[in-house]
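Note that these values count all heavy atoms, side chains included, but never hydrogens, waters or copies made by symmetry.
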Amino acid sequence: MLAGMLMLAGCGNNEGNNASVNPAASSTGSPEGTAEALQKVTLVLDWTPNTNHTGLYVAQDQGLWKKYGLDVEIILPPEAGASALVANGTADFGIGAQESMILAREQGLPLVSIAPIIQHNTSGFASPVDRNIKEPKDFEGKSYGGWGSPAEQAVIESMMNVQQADVGKVNFVSAGSADFFTAVKKGIDFEWIFYGWTGIEAELRNEPVNMVYLTDYSKQLDYYTPLLLTNEKLIKDKPELVRAFLAGASEGYNYAIEHPDEAAEVLIKAVPEINAELVKASQKWLSPKYKDDAPRWGEQKREVWSGYGDWLKQNGLMEKELNYDDMFTTEFLPQ
């Protein structure tokens with residue numbers, strides 16, 4: 001993934017994003033004005049649209065960005081993901097995750113997190129209940145279906161170590177392009193999922209799963225995923241654009257927190273081919289988790305960045321000493 005990101009980082013800068021934010025709109029929150037007055041902005045998703053993205057579609061649908069002078073285009077990611085496009089300025093903003101962003105920073109990509117979308121890590125290892133996997137020690141003798149990242153084995157091993165279990169007894173196999181429900185019918189026992197989407201889908205399909213959450217076994221693994229990111233140059237050259245973008249995004253996510261049913265309908269309208277039943281159920285589960293126990297949506301802490309960075313070093317996944325303060329900022333969040 002990082003090799004692909006670095007290759008894409010060589011593509012030139014987007015020369016179409018040189019206009020400044022409409023100062024009147026960004027400072028007063030005035031009506032959207034004419035289309036010509038709006039600053040065109042690109043936002044690259046991390047995956048196909050889902051409830052992680054609902055606040056962004058609300059901001060677009062309700063004109064929340066327009067009142068701050070922005071015309072935001074939401075686009076799907078290339079195969080290598082959003083990070084490389086954001087790092088080289090081809091896209092203004094993107095969605096990533098703390099785990100890949102730290103490693104990208106180690107490779108020299110100038111990415112900066114401006115807000116986590118979900119306050120706590122809601123991912124974990126899912127398995128059909130008939131596999132009887134209820135805690136990390138139960139991974140022994142089972143087959144894990146993944147995508148071949150060294151971080152996968154390191155996460156599983158660190159969780160198993162808590163219970164003195166042996167990661168050597170786990171069979172690591174490639175899940176390929178098969179989804180979770182297909183994979184577990186073809187010899188795979190457990191996979192890494194976000195419960196708010198795949199876990200909720202399992203409920204709707206009446207195919208219940210057991211979950212082993214990362215955060216139950218390591219505070220260091222309670223990292224930010226997913227998050228909104230941009231690059232250092234945009235922050236330096238156009239701080240008001242970043243502020244305006246986050247103002248609209250924050251209003252969108254706060255609306256989704258307070259009105260999950262209505263927010264779900266916005267996503268369904270924007271992406272007609274999406275599974276509407278899944279969106280509604282997922283939104284109900286996820287909306288309270290956007291902000292969770294933080295004082296505001298988008299808050300992030302240095303201890304979370306350093307904690308996961310230390311975990312990467314402890315597990316041999318990162319070699320360089322990095323400055324975590326350079327990786328994130330809360331400066332542009334609405335007060």
Side-chain angles (χ1 to χ4, degrees), residues 1-23 25-27 37-46 56 59-60 65 68-117 224-250 298-300 302 305-306 309 318 320-334:
M1 180 188 73
L2 286 173
M5 290 164 61
L6 290 169
M7 182 173 66
L8 281 173
C11 303
N13 288 329
N14 181 357
E15 297 180 357
N17 291 328
N18 293 328
S20 60
V21 177
N22 180 341
S26 61
S27 62
L38 299 176
Q39 164 72 63
K40 291 189 178 298
V41 171
T42 51
L43 165 64
V44 187
L45 301 182
D46 56 336
L56 305 171
Q60 187 180 60
W65 278 316
Y68 293 104
L70 302 182
D71 178 11
V72 178
E73 180 185 10
I74 301 174
I75 61 177
L76 295 178
E79 186 174 339
S83 297
L85 300 183
V86 176
N88 66 34
T90 303
D92 300 297
F93 302 95
I95 297 179
Q98 184 178 336
E99 63 265 43
S100 57
M101 208 195 97
I102 289 181
L103 296 176
R105 291 283 310 196
E106 186 184 30
Q107 298 297 319
L109 296 186
L111 299 170
V112 181
S113 168
I114 53 175
I117 290 175
Y224 298 123
T225 178
L227 50 76
L228 287 170
L229 51 82
T230 188
N231 63 67
E232 292 177 349
K233 188 175 188 302
L234 192 69
I235 286 176
K236 179 182 178 182
D237 295 348
K238 301 177 182 178
E240 287 309 310
L241 189 154
V242 180
R243 198 178 307 279
F245 174 81
L246 267 188
S250 178
E299 195 66 67
Q300 48 191 331
R302 188 186 191 281
W305 284 89
S306 62
M318 184 174 73
K320 295 181 181 178
E321 290 291 332
L322 301 178
N323 185 346
Y324 299 110
D325 293 319
D326 292 341
M327 298 183 188
F328 75 99
T329 178
T330 59
E331 176 186 353
F332 303 100
L333 285 175

Between [X] and [Y], what is the shortest heavy-atom contact and its length?
{"X": "G94", "Y": "V86", "answer": "N-CG2, 3.6 Å"}
{"X": "I102", "Y": "L322", "answer": "O-CD1, 3.8 Å"}
{"X": "L56", "Y": "A249", "answer": "CD2-CB, 4.2 Å"}
{"X": "V242", "Y": "F93", "answer": "CA-CZ, 4.0 Å"}
{"X": "P77", "Y": "L45", "answer": "CB-O, 3.0 Å"}
{"X": "L246", "Y": "A115", "answer": "CD2-CB, 4.0 Å"}

Please step through side chain to side chain contact (heavy atoms under 4.5 Å, CB included) for the pair Q39 and L70, ending with a clear verdict. CA-CA 5 Å; Q39 164 72 63; L70 302 182; 3.9 Å; yes
How many angstroms lie between [atom1] in [X] and [atom2] in [Y], if you round to the nearest 0.5 Å?
{"X": "L111", "Y": "L103", "atom1": "CG", "atom2": "CG", "result": "11.5 Å"}
{"X": "E240", "Y": "Y68", "atom1": "CD", "atom2": "OH", "result": "12.0 Å"}
{"X": "L43", "Y": "I95", "atom1": "CG", "atom2": "CD1", "result": "5.5 Å"}
{"X": "L229", "Y": "I114", "atom1": "CG", "atom2": "CD1", "result": "7.5 Å"}
{"X": "E99", "Y": "T225", "atom1": "CD", "atom2": "OG1", "result": "4.5 Å"}
{"X": "L234", "Y": "F245", "atom1": "CG", "atom2": "CZ", "result": "10.0 Å"}

Does any N or O in the side chain of [X] come within less than 3.5 Å of the main-chain N or O of [Y], such that one atom is a donor and the other an acceptor?
{"X": "D92", "Y": "T42", "value": "yes"}
{"X": "E73", "Y": "K40", "value": "no"}
{"X": "Q300", "Y": "S113", "value": "yes"}

R105 vs V112, test: side chain to side chain contact (heavy atoms under 4.5 Å, CB included). Steps then yes/no. CA-CA 9 Å; R105 291 283 310 196; V112 181; 4.1 Å; yes
Validation row: F332, I235 side chains within 4.5 angstrom (heavy atoms):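 Yes - at least one pair of side-chain heavy atoms lies under 4.5 Å apart.
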